[in-house]
Amino acid sequence: MDLSFGEEYEEYRQTVRGFIEENAHLAPGRGQVNAEKTRAWQRLLIENGYAVRTIPKEYGGGGLEPDILKSRIIAEEFARAQLPAGMGGGGISFLAPVLLDKGTDELKKKFIAPTIRGEMTWCQGYSEPNAGSDLASLSTRAVLDGDEWVINGQKIWTSGAKSSDWMFCLVRTEPDAPKHRGISFLLLSMDSPGLDVRPLETMTGVPFFNEVFFTDVRVPKDQIIGQRGEGWAIANAILRHERDSLGDPDDSLRRLNLLIELMKQETVDGQRIIDNAVYRDQLMQIQGRIMALRFNDLRLLSAKMTGQDVALATMIVKLQGTELRHSLESLAIDALGEHGILYGEGPYLRNHGSWQHDYMQFLGLIIGGGTNQIQRNIISERGLGMPREPKAK
Amino acid sequence: MDLSFGEEYEEYRQTVRGFIEENAHLAPGRGQVNAEKTRAWQRLLIENGYAVRTIPKEYGGGGLEPDILKSRIIAEEFARAQLPAGMGGGGISFLAPVLLDKGTDELKKKFIAPTIRGEMTWCQGYSEPNAGSDLASLSTRAVLDGDEWVINGQKIWTSGAKSSDWMFCLVRTEPDAPKHRGISFLLLSMDSPGLDVRPLETMTGVPFFNEVFFTDVRVPKDQIIGQRGEGWAIANAILRHERDSLGDPDDSLRRLNLLIELMKQETVDGQRIIDNAVYRDQLMQIQGRIMALRFNDLRLLSAKMTGQDVALATMIVKLQGTELRHSLESLAIDALGEHGILYGEGPYLRNHGSWQHDYMQFLGLIIGGGTNQIQRNIISERGLGMPREPKAK
Amino acid sequence: MEFGLSEEQQLLQRSVGGYLDDNGGLKRARQFADGGELRADDLWKGICELGIPGLLVDEEHGGMGMPLLDAALVAETMGYYVTPAPFVSSVVMVPLAIALAGSDAQRSRLLPSLADGSLIAGAALTETIGAREGAHISWDASVLNGKALFVLDFEADIYLVADAERALYIVESKAEGLQRQRLITVDKTRPVGELVFNNVKAEPLPNDAGIDVCARIVDAGRIILAADTLGAAQNMLNQAVAYSKIREQFGRVIASFQAVKHMCADMAANLEPCRAMMWYAAHIFDADPDESRLTACHTKAHLAEVAKLVSKSATEVHGGIGFTDELGLHYWFKRIEFNRQLLGGPSTVREEAAKLQELVK
Amino acid sequence: MEFGLSEEQQLLQRSVGGYLDDNGGLKRARQFADGGELRADDLWKGICELGIPGLLVDEEHGGMGMPLLDAALVAETMGYYVTPAPFVSSVVMVPLAIALAGSDAQRSRLLPSLADGSLIAGAALTETIGAREGAHISWDASVLNGKALFVLDFEADIYLVADAERALYIVESKAEGLQRQRLITVDKTRPVGELVFNNVKAEPLPNDAGIDVCARIVDAGRIILAADTLGAAQNMLNQAVAYSKIREQFGRVIASFQAVKHMCADMAANLEPCRAMMWYAAHIFDADPDESRLTACHTKAHLAEVAKLVSKSATEVHGGIGFTDELGLHYWFKRIEFNRQLLGGPSTVREEAAKLQELVK
């Protein structure tokens, strides 16, 4: 057990701090929509090795060796300064690594550099109305017609579809193959004729997801990653990644601290809410659960560095993290009482209605990214070695 | 909604009270082992129409019309006086009605009268080590040899096997029939040669259940209720009955009131436990849950009288009642702190260690009488019309 | 003895249900939520034709003089159909308050118009349960001052107002010095709002009987909100079971998966006893006011907890579509949330239950 | 940075586990529970040969001077094998107390015999966490009077005793005026008892450093009990998963039923992060005493809650046999219960956590 970062890393931390101090004025503000300023900041970070640091230089990245500790230091220091540590999104986080791993030279050259510089933004087309938990049964079809794929079908739960330039998506190209082997991974422009994006309304009322309809959408034949039929394996690697990012305990900790402040300020009949022993006990329960997940996260980070197998400790993150966060938001609403259900706008809204919003949003995330029922299947089968359900007769 | 019993019944209640006042001195004391006094009391109750009141006179019963309200009044008044309202047990509660319904004249004559007078006590042989949730797969075998069944096999969870004179049990008599149709319902003497009863030790440490081993146990051919292969249907009627008697909310209410008294008396650092807001809130939660189940019970009683269908409200009783009771006992242990885990004997034991005992016993009952997982299957399939699991390939 | 509904009560519930099935339900709730209507006048008209507003008003004043159980059955149906109509205050709490605490003149003047639905009444009582900073009503000579939050059935013609001493008043919504501001909650089917009183003229209810009328009508309100919750939760469970029987994944309807079955079984097992609890709570409100308080608290709190489980699980059973607006499942979800917090959240109400039993120092 | 166990720590845990697998485990626990032994001398001898009693004692006094994490790893293994051995007090709390608060002479006299296991020490500290009526220790001139309940590692040669002012004393178990009475709990692998002091001579620990040693060793004790719970719960989960893979009902192993799978998944999902939490809590005990208190409270409470879920679910997965004595599953169940209540139940400990953060008025 050694929780220090070591001398070399402490020096690196100082370097990062120095950079931040010098350049903070160049960073885009919170919720800034100045796209060019955001991209300039991204380019600056890449040049200095703070964003997409392990992508090779020839594709526009930092060309550095992977170093999880340095990555963590970067994340910590930028978070401390409340500055974005580069752009996020599916293109940079999920697609670029897959392209590097499985893309042809041509695809790499065409897509990686503009993607990581934020000039080409991506959305992800996986789920369909009839392929949710059973994603591999997706039915959006792509048929080869000369040099082009012709796509027909529908995707759902596509966040950012309105604002993205491109989409990476799963389509069925081999209808006669077993369901997991008939899927391919295609890249397509959101400007393609025949594409129709409609916002999906959800319980939060805040637009986030979309439906995307395909009518004879044509895509060049070589905008495929991997071979025909290999799409499922490629997508799965991404999905595992995506799940880990849901229910981040550091984020829950920030919310908890906000809740503690709130409970100290709010009063009912002149008594502070924090002085209510019932809510206080529930608050402490949540604090304990967050602590456990945060230490679990440290263990995962450390295990990544040393190559240890911590599969079970990894698999449980999404299930535990989303349920925990949902409970936290729920406690806040109960503690606020009538004020807890205020939403949208108005004079008595606390923290911009975020308690109510996140309470609902995290119910969505308990369902999304593989429902928590599916997570339990995965944990029991892959984590505990219990058998899959027998096939129905 | 009319929660009064009506004039006729209030008069009946006075009659019952009068009887009790006059005869209370004849009742056996709490936990009394004077078998003859118990049986004399039972005979007195039968004569006066307070026990086994609907069993025909020719078989030794009261010969009265069924009247659920009168039955309830009897139960209430004897409970109020803290006197036993007659003998209980599987023979009187479960077997006698089945005999009446399905038994031959000979069987009725031979068994009903001594059973209801308490001269012939019964235990129940259903579960087997490999037939728990899947009871119908039981493998204790009975083969006809001349005029006798010859039984080999093993039963488990047989409460009262040591003290009972007779057993009613399920045995496989038609090994080639489908599993539910190969079972018969036999009656046998516990004095039969080849029977071996061994107490089953459980987590409570208090003897309650037994294992019963059969080695060439011989039973007269006609000691069968119903036809060969009809045993499953007969047993199922009994099982439903038995489940309803687990997790009785009136009993939970008595425990709750005892817990409230305890929490008022006990102190930690000079503060009464009831003054701890966290435990008090949990206590109130339990009180609310008990209330819901008690009113549900009233609804069931009323529906029985009017013949209404309240299948779903009936099915949930065992699941809800046992979980509730387990939670109640668990709260008591937490509220008592270290004193809560005292068990067996000693100076600081509260309520004879019953909190700890019932906490464990009710975990046993969550499992027994059809595990609560099986109850959920039943509720979803029979109560909500959801499909059975598809058969495995 | 009969623990159950009379034929008349079943008929009442069926007829309100039939009307709302045809004219209300999700579609009407959506339209109301999206459209910025102050009141759903068409629905209210139909509800008036059924005689609902007069349920609890005595016959002498143009009502039907029914027990609270009848109103609770209607509330359950309102919740089942997420109905945007003034009910808990205008049909239940205010008529009861006027009947119990009003003078003969007040009764004669107000009850007939409440009973025929031509007058809508809101209720400003939140501060008697727990006052937030800045909220407080005081009576001085003949005027009210202060602020009341979360006023129920807000789009009203008159308001019933409780001051800090739990005395009750009637205030015209157009009274001089009265500022009204709508508060937006998750539940867009139930208008609530804030009232600010600057020397507002008000008419006290004399309350000659000297009972705690404020407590009585809060009991009634809690039972009614619990009944509404029961209806909403029952609908969510029904939808979840029905959807699971048609939605296929992995080549089977999801209703055949044990995980889904057990979620539904747990919802049903928790919800089913709530029906008897709600019946009893409503019945005992009239039959035994002393016993009523404790039962009302527990019914409000227990229904809130059970419905929270149901609303989460039913949404989960639906999967992604449960989170979207498509089936509108969230209208019930949010209605349950509203009912949970108004007139006292579960642990507040449980603490009141403990106090009633003298379990609090 | 490395968040994990060193090779030495893994080796330690494996060697203790190996020893207990061969010589301890359920069979030995049963024998101890049934047989009326005061101490399991054979096991203790083996444990001494492994050097366990000296884990936390510094090298100068014959120990190994290891951090608390090493002791916690051993505690986890003890819990895993339901080991009937004095540990939390004799190996952890008392040596730490003497090291922190003892005089040089006391250290030299007591630590070496604690380190080689020839001296067993119990701890009477329950009243500093919450005193029950009648329990209270007072110091007057040179003698102790009063009563201490739930003394840990009760079958001891000496006791560490805290008085009402949290000052610490060493008392010989054979001291004049000391009455000892065993208290029987569900967990028969852990002797606890009552001490009654009638003018009993005691030796104060001077505590020259002036820190709250009582609080420090309670922190350590809580972490150790949490580690024991982790081991016990992990064993129950392992047993449940293993049993479900061989038990057949309805023609399938029950591990293939989704209800069983999801129960096991929930147990694992809750339990797995507790491992990192326990490591951290034990590590920070040495690394940062100030931070340690809060982490120790949360680790104790959280493990207790998670293990309660695990112990119930694991028993349920076993069905009837889980309730019987046959597989002895209840030994772990009861060990978890013991750990839950001793040194502060979950909500008591959570309230302490709140106090540490100044969240209590």
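Only this structure's heavy atoms are used, side chains among them; waters, hydrogens and symmetry mates stay out. Just so we're on the same page: letters track the sequence lines, and every chain starts at 1.
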Separation between [atom1] of [X] and [atom2] of [Y], rounded to the nearest 0.5 Å:
X: B:Leu298; Y: C:Trp279; atom1: CG; atom2: CH2; value: 11.5 Å
X: B:Glu389; Y: C:Phe257; atom1: CD; atom2: CZ; value: 9.0 Å
X: C:Phe3; Y: B:Asp297; atom1: CZ; atom2: CG; value: 10.0 Å
X: B:Met291; Y: C:Cys297; atom1: CE; atom2: SG; value: 9.0 Å
X: C:Met263; Y: B:Ser380; atom1: CE; atom2: OG; value: 13.0 Å

(request) Before giving the answer on salt bridge (charged side-chain N to carboxylate O under 4.0 Å, His left out), spell out for C:Glu351 and B:Arg280 the whole-Å C-alpha distance, their side-chain angles and the decisive distance to 0.1 Å. (result) CA-CA 8 Å; C:Glu351 186 70 348; B:Arg280 191 168 63 232; 2.5 Å; yes
Interface moiety of [X] toward chain C, non-hydrogen atoms closer than 4.5 Å:
X: B:Asp275; value: side chain
X: B:Ile274; value: both
X: B:Glu323; value: neither
X: B:Leu300; value: neither
X: B:Leu319; value: side chain
X: B:Met305; value: side chain

Interface moiety of [X] toward chain B, non-hydrogen atoms closer than 4.5 Å:
X: C:Thr295; value: both
X: C:Val253; value: side chain
X: C:Ala301; value: neither
X: C:Leu359; value: both
X: C:Asn270; value: both

(request) Report yes or no: do B:Gln320 and C:Glu272 form a side-chain donor-acceptor pair below 3.5 Å? (result) no
Note, [X] side chain near [Y] side chain (heavy atom, < 4.5 Å):
X: B:Met284; Y: C:His298; result: yes
X: B:Asn377; Y: C:Gln258; result: yes
X: B:Met1; Y: C:Glu2; result: no
X: C:Ser256; Y: B:Met386; result: no

Work out which heavy atom in [X] is nearest to a heavy atom in [Y]; give both atom names and the distance.
X: C:Ala269; Y: B:Ile316; value: CA-CG2, 3.4 Å
X: C:Pro273; Y: B:Leu293; value: CG-CD2, 3.8 Å
X: C:Ser347; Y: B:Asp281; value: CB-OD1, 3.6 Å

(request) Specify which of C:Ala281, C:Ala268, C:Cys274 makes the most heavy-atom pairs with chain B at under 4.5 Å. (result) C:Ala268
(message) Tell me which of these, C:Arg350, C:His302, C:Met277, has more heavy-atom pairs under 4.5 Å with chain B than the rest.
(response) C:Arg350
(request) Between chain C and each of B:Lys264, B:Gln285, B:Arg72, count heavy-atom pairs under 4.5 Å; write down the option with the most. (result) B:Gln285
(message) Closer than 3.5 angstrom, by distance alone: can the side chain of C:Lys261 be matched with the main-chain N or O of B:Ile379 as a donor-acceptor pair?
(response) no
(request) Take B:Gln287 and C:Gln357, measure what side-chain hydrogen bond (donor to acceptor under 3.5 Å, both in side chains) needs, and give me the verdict at the end. (result) CA-CA 12 Å; B:Gln287 191 175 48; C:Gln357 298 170 86; 2.7 Å; yes
